[in-house]
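Remember, it's 1-based here, ligands and their atoms both numbered in the order they're listed.
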Amino acid sequence: MIPRVLTVAGSDSGGGAGIQADLKTMLALGVHGMSVITAVTAQNSLGVQGAWELPVEAVRAQYRSVVDDIGVQAVKTGMLASAELVEAVAELIGATDAPAVIDPVGVSKHGDSLLASSALESVRTKLLPVATVATPNLDEVAQLTGVHVESEEQLRQAAAAVLEYGPSWVLIKGGHLPGDAVDLLTDGAAEHWLRAPRHDNRHTHGTGCTLASAIASGLAKGLAVPEAVTAAKEYVTGAIEAGFALGGGIGPVDHGWRFRDGA
Ligand SMILES: Nc1ncnc2c1ncn2[C@@H]1O[C@H](COP(=O)(O)OP(=O)(O)O)[C@@H](O)[C@H]1O
Ligand SMILES: Cc1ncc(COP(=O)(O)OP(=O)(O)O)c(N)n1
């Protein structure tokens, strides 16, 4: 049967990040994508113009509908908006027998907040402990741990600080550093450095969502964490290289890059 992956995340009306990015990634990677919507954003290439959370019962009901009938081989989380939603989702994932990729989404590329600051402690103490892989970017590392990364060498210190909260693995995304796009994956023992050339393309909306969904897709297919992350890094790198202009601001990565002529 086709591997099934569930994303628990917010909707991006512009289609570059959030649920829309997750489902496109899953389609491109050959798994069946399913969704639990946590919040709706009015969003485009210029930023987030509005955001509305769903009631916690609506989130729980969507999750139960999918997991109890269809079943999941991996779960991925994105925008969770509030402490109440973070805690409910952490409890649901903790009771589900499937690997979980936790993208602790805090702020969009344009600086719009997608998580209440009152939810940070719940992310640290409830959500990170149920993660098979946590995938913070450098702003999220700073928010969650107080570690400010300014160079590749400091990625190790960031990883150690996030691992303190209990995820099995952490992937620190160094995409916001200058130079090559270098990420560090570690479980505290093994270390895998993932390096890709930086593509000088401003159309990078949705990079983090795409990477986390690609990791979840790999895990659902039965790959081990290092192999799933390596394959996901290759996919997101291609999607960034092919990112295209839409609207007047930052366009999306191209989730369908492997289907284009010549790819
Ligand atoms: N310009 C770029 N060229 C190539 N890879 C990039 C670029 N920007 C980010 N990445 C990679 O994209 C992935 C997502 O990272 P990042 O953009 O830091 O996440 P987020 O969207 O959560 O801020 C990482 O693997 C990172 O190294
Ligand atoms: C609804 C929603 N969820 C998550 C994000 C952040 O997505 P990300 O992949 O980190 O992309 P950028 O916002 O950094 O471009 C979002 N914007 N909206």
Original post:
Considering only protein heavy atoms, which is closest to atom 10 (N) of ligand 1, and at what distance to one decimal place?
Top reply: Ile240 CD1, 3.5 Å
Original post:
Any heavy atom of Thr237 sitting closer than 4.0 Å to ligand 1?
Top reply: no
Subject >> Test: Arg124 and Glu121 ion pair at under 4.0 Å >> reply: yes
Original post:
What protein heavy atom sits nearest atom 13 (C) of ligand 1, and how far away is it?
Top reply: Leu211 CD2, 3.9 Å
Subject >> Atoms in ligand 1 with a heavy atom of Pro197 nearer than 4.0 Å >> reply: 3 (N), 4 (C)
Original post:
For atom 8 (N) of ligand 1, what is the nearest protein heavy atom, given as residue, atom name and distance?
Top reply: Arg198 NH1, 3.9 Å
**OP:** Name the closest protein heavy atom to atom 17 (O) of ligand 1, giving the residue it belongs to and the distance to 0.1 Å.
**Re:** Thr207 OG1, 2.9 Å
Original post:
Can you check whether His199 has an N/O within less than 3.5 Å of an N/O in ligand 1?
Top reply: yes
Original post:
Does a side chain donor of either Thr210 or His255 reach within less than 3.5 Å of an acceptor in the other side chain?
Top reply: yes
Original post:
Restricting to pairs with a member in residues 212-233, which pass salt bridge (Lys or Arg N to Asp or Glu O under 4.0 Å), not counting sequence neighbours?
Top reply: Asp183-Lys233
Original post:
Would Ser122 and Glu87 count as having a side-chain donor-acceptor pair, cut-off 3.5 Å?
Top reply: yes
Original post:
Quick one: which of Leu171, Asp183, Asp103, Val236 has a heavy atom closest to atom 26 (C) of ligand 1?
Top reply: Asp183
**OP:** Just jot down the ligand 1 atoms closer than 4.0 angstrom to any heavy atom of Lys173, in number order.
**Re:** 14 (C), 15 (O), 18 (O), 19 (O), 20 (P), 22 (O)
Subject >> Pair Glu241 + Arg198, salt bridge at N-O below 4.0 Å >> reply: no
**OP:** Going by the side chain to side chain donor-acceptor pair (under 3.5 Å) test, name the single residue among Asp22, Thr25, Thr135 that passes it with Lys76.
**Re:** Asp22
**OP:** Identify the protein heavy atom lying closest to atom 20 (P) of ligand 1, giving its residue, its atom name and the separation to 0.1 Å.
**Re:** Asn137 ND2, 3.6 Å
**OP:** Would you give the length of the straight line joining atom CG of Leu184 to atom CD of Glu152, rounded to the nearest 0.5 angstrom?
**Re:** 9.5 Å
Original post:
Which residue and non-hydrogen atom of the protein lie closest to atom 18 (O) of ligand 1, and at what distance in Å?
Top reply: His176 CD2, 3.1 Å
Original post:
ligand 1 versus Lys233, non-hydrogen atoms closer than 4.0 Å: side chain, backbone, both, neither?
Top reply: side chain
**OP:** Report yes if Gly208 has an N/O atom closer than 3.5 Å to an N/O atom of ligand 1; otherwise report no.
**Re:** yes
Subject >> Atom CD of Glu84 with >12 non-hydrogen neighbours under 6.0 angstrom >> reply: no
**OP:** May I ask whether Pro136 has any heavy atom positioned less than 4.0 angstrom from an atom of ligand 1?
**Re:** no
Subject >> Residue contacts for ligand 2, heavy atom to ligand atom, distance under 4.0 Å >> reply: Gly10, Ser11, Ala17, Gly18, Gln43, Met79, Val105, Ser108, Lys109, Leu114, His205, Gly206, Thr207, Gly208, Cys209
Original post:
Any ion pair linking Arg156 and Glu191 (charged N to carboxylate O, less than 4.0 Å)?
Top reply: yes
Original post:
Can you tell me the protein heavy atom closest to atom 5 (N) of ligand 1 and the distance?
Top reply: Ala181 CB, 3.2 Å
Original post:
So, Thr96 versus Tyr63: side-chain donor-acceptor pair below 3.5 Å or not?
Top reply: yes
Original post:
Do Thr38 and Glu53 have side-chain atoms, one donor and one acceptor, less than 3.5 Å apart?
Top reply: no
Subject >> Atom CG of Asp97: over 12 foreign heavy atoms under 6.0 Å >> reply: no
**OP:** Could you tell me whether the side chain of His203 and the main chain of Gly243 form a donor-acceptor pair under 3.5 Å?
**Re:** no
Original post:
Are Lys173 and Asp103 close enough for a salt bridge, meaning some N to O gap below 4.0 Å?
Top reply: yes
Original post:
Nearest to atom 9 (C) of ligand 1, what protein heavy atom do you find, and at what distance?
Top reply: Gly175 CA, 3.8 Å
